[in-house]
Amino acid sequence: EADVDGVRTVAAKGAPEAVVDLCHLGEAERARIAAAVDALAAQGLRVLAAARGRFDGDDWPADEHGFDFEFVGLLGLADPVRAAVPAAVAECRAAGIRVLMITGDYPATARAIAREAGLDDGEAGVLSGDEIAGLSDEALGERLARTSVCARIAPEQKLRIVQALKARGEVVAMTGDGVNDAPALRAAHVGVAMGGRGTDVARETASIVLLDDDFASIVAAVEEGRRVGANVRSFLAFLLSANVGEVV
C-alpha cells in the first residue's frame, strides 16, 4: 500500500546469501554479514536475512533485482532438538540403521543441529545443494556413503538423494511434512509423513503417518516390527520342523 506521496515500501526476507545479493553490497559488507551468519549458525540457529526498499510509481521491475533494497539485519530462530532424539539416533546406530539429515538450513546450522542430535557429519563433511548440483548420480551415491548431513537442499534434490541411496542397494525410509517432500516420500521404500504439521499431500503420499511427529516413534516402530518379524520366523521354523518330523 502506498503512502501519502504514492511511495510503496518493499520488503524481502530469506536465505542470507540471497538477500545480500539483492542488496548489491560490496565485498567488505558481504564478508561482515557472512561472519555474523556463521556466528549465529554455529549456535544452531536458523538464520534469515531481511531487507527493505521504497518504490515510486506503477511501472514494476521485471524481477526483485530491479528494486533498490537496503539490508536491514539478520534473524536467528531457535528450534531445539527434542530431548528424545539423541538417544533415538544412538539406538538406530546400534541397530545398524544409518540416519541422514536433509535440511534447507545453512551448513553451519545443520552441522550444529546434527552434533546436538548425536549425528556425525562424516569424513566428507556437510554435503550442500550446490555440490549436489555438480555431481552425477553415481558420484552422489558415493558421497552419501561418506556423509550424514545434507544442507541447503532444494526440494527436487531430496528425490535425487533417495534415488541415489536406492541405487546403492540401501533400503530407504524418508520422512517429510511438506508438499515438496511428496516425490521423495513416494520414491522411498517407506515414506513417513508427519501427521501433526504435515500437509495433506505428504500424508496421502506416505506409507506411514506419525501421530506425534516424533523421530523416536519411528525407532520404536522399527523395534516392534523387527520383534514381530523375528517371532514370525521362529514360528515358521518350529512349524516346518515339527510337520516334517510328523511326515517322516
Side-chain angles (χ1 to χ4, degrees), residues 13-20 33-50 72-95 97-129 144 147-155 157-158 161-162 172-182 184-185 188 190-199 202-203 206 208-223:
K13 70 171 177 65
E17 57 268 32
V19 173
V20 165
I33 294 171
V37 170
D38 287 337
L40 289 171
Q43 302 173 41
L45 298 177
R46 290 184 164 90
V47 185
L48 294 177
V72 174
L74 300 172
L75 299 88
L77 308 176
D79 186 9
V81 173
R82 293 191 181 192
V85 169
V89 169
E91 281 189 65
C92 284
R93 188 178 296 112
I97 301 169
R98 193 161 71 96
V99 180
L100 277 73
M101 187 175 81
I102 304 173
T103 177
D105 285 332
Y106 197 68
T109 303
R111 188 179 294 111
I113 293 174
R115 193 177 301 117
E116 188 179 347
L119 273 175
D120 182 6
D121 57 10
E123 62 184 63
V126 176
L127 177 61
S128 71
L144 288 171
T147 189
S148 299
V149 182
C150 304
R152 276 292 187 259
I153 301 300
Q157 291 175 332
K158 296 177 183 179
I161 290 171
V162 170
V172 183
M174 167 75 186
T175 66
D177 58 9
V179 172
N180 57 29
D181 292 324
L185 289 170
V190 182
V192 183
M194 305 298 110
R197 67 175 183 273
T199 59
R203 291 197 299 267
I208 298 172
V209 177
L210 294 181
L211 297 180
D212 58 1
D213 293 4
D214 193 343
F215 179 78
S217 297
I218 300 175
V219 180
V222 172
E223 183 179 7

With heavy-atom distances below 4.5 Å as the criterion, would you say the side chains of Val85 and Glu116 are in contact? no
Is there a side-chain contact between Leu40 and Tyr106, using heavy atoms and a 4.5 Å cut-off? no
Determine whether more than 12 heavy atoms belonging to other residues, nucleotides or ligands lie under 6.0 Å from atom CG of Leu211. no
To the nearest 0.5 Å, how far apart are CD1 in Ile208 and CZ in Arg203? 15.5 Å
Within-4.5 Å side-chain heavy-atom neighbours: Asp213 and Arg82: yes
State, to 0.1 Å, how close Ala216 and Ala88 come at their nearest heavy-atom pair, and which atoms those are. CA-CB, 4.0 Å
Measure the CE-OG1 distance between Met101 and Thr175 for me, rounded to the nearest 0.5 Å. 11.5 Å
Nearest heavy atoms of Ala112 and Ala41, plus distance in Å: CB-O, 3.8 Å
Under a 4.5 Å cut-off applied to non-hydrogen side-chain atoms, are Cys92 and Val219 in contact? yes
Check the pair Met174 / Ile161 against side-chain contact (heavy atoms from CB on, under 4.5 Å), numbers first and verdict last. CA-CA 10 Å; Met174 167 75 186; Ile161 290 171; over 6 Å; no
Nearest-0.5 Å distance that lies between atom CZ in Arg197 and atom CG in Leu210: 9.5 Å
Taking side chain as C-beta onward, heavy atoms only, is Lys158 less than 4.5 Å from Asn180? yes
Side chains of Cys150 and Leu144 in contact at under 4.5 Å (non-hydrogen atoms): yes
Separation between CG (Asp79) and CG (Leu45), nearest 0.5 Å, reads 10.5 Å
Minimum heavy-atom distance Ile113-Asp105, with the two atoms named: CD1-OD2, 4.1 Å
Closest heavy-atom pair, Asp181 versus Gly176, reported as atoms and distance to 0.1 Å, is OD2-CA, 3.5 Å
Sidechain-backbone polar pair: Ser128 side chain, Ala151 backbone, donor-acceptor under 3.5 Å: no
Looking only at heavy atoms, what is the nearest atom pair of Thr199 and Gly178, with distance? OG1-C, 3.5 Å
First locate atom CD1 of Ile33, then atom CD of Glu17, and finally report the distance between them rounded to the nearest 0.5 Å. 11.5 Å
Close side-chain approach of Val89 to Phe215, heavy-atom, < 4.5 Å: yes
Quick one: closest heavy-atom pair of Arg152 and Pro16, and the distance? NH2-CD, 3.6 Å
Report the distance from atom OG1 of Thr109 to atom CG of Asp38, rounding to the nearest 0.5 Å. 9.0 Å
